[in-house]
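Here's the structure, in structure tokens; my notes come after.
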Amino acid sequence: MSGNKRIGGKDLDFMLGDLMIHAESFSLSISDGTTATKTRGITNGYVDGETSADGDIEVDSTNLNLIIEAARKAGSFKELEPFDIVSNAETASEKFNLEAFGCKLMLSDVLNADPKGGDKLKHKIKYIVTSKDFVRINGVPYLSKRETESLL
């Protein structure tokens, strides 16, 4: 019954620019400031608001070293150009593709160590989405073409 296997975290391949990274955990959150409008205190439609996206990537030391090497080539972590993040997963019955464009990395929890042992070192990297291409989920853009067509 291979058709019953669902996508799980172990199924995700993760590309950070041209680097293949294994993330211990990976998140992307979208903030959409769309707000309901009111007439005489009663909801009556909506207006679009600001939209942003950010997330966290948690990696082990082996994978952090891949990112460190990219930072070394750039000159520093701050000089790393934004990456596109692409994450794909597929089972016999499901596919999932997430693309986040122009992700600017910022080190967050550089070290997360349990002194009791029993787990590898972990490192958290925050990122913000900076490109007008924003986010696509299974090939479908989050933002409308109208919202981004006049942006340079």
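Put simply, the side chain of N63 never gets that close to the backbone of V59: no donor and acceptor are under 3.5 Å apart. D133 contributes no side-chain N or O that, together with a main-chain N or O of F101, makes up a donor-acceptor pair within less than 3.5 Å. Checking side-chain atoms of K126 against main-chain N and O of I57 turns up no donor-acceptor pair under 3.5 Å. E99 places no side-chain N or O within donor-acceptor distance of the main-chain N or O of V135, the cut-off being under 3.5 Å. A side-chain donor-acceptor contact under 3.5 Å links T91 to the backbone of K5.
Under a 4.0 Å N-O distance rule, the pair K122/D119 qualifies as a salt bridge.
Among residues at least two apart or in separate chains, side chain to side chain donor-acceptor pair (under 3.5 Å) pairs with a member in residues 77-86 are S76-E79. Pairs of residues two or more places apart, or lying in two chains, that qualify as ring-ring contact (aromatic ring centres under 6.0 Å, His included) and include a residue from residues 18-49 are F14-F26.
Judged by distance alone, the side chains of D32 and Y142 do bring a donor and an acceptor atom under 3.5 Å apart.
Around CD of E50, the count of heavy atoms belonging to other residues, nucleotides or ligands within 6.0 Å does not exceed 12. Crowding of I42 atom CD1: a count of heavy atoms from other residues, nucleotides or ligands under 6.0 Å not exceeding 12.
Shown are K145, E147, R146; of these, the side-chain contact (heavy atoms from CB on, under 4.5 Å) with L143 is made only by E147.
For T39, the side-chain contact (heavy atoms from CB on, under 4.5 Å) criterion is met by N44, not counting sequence neighbours.
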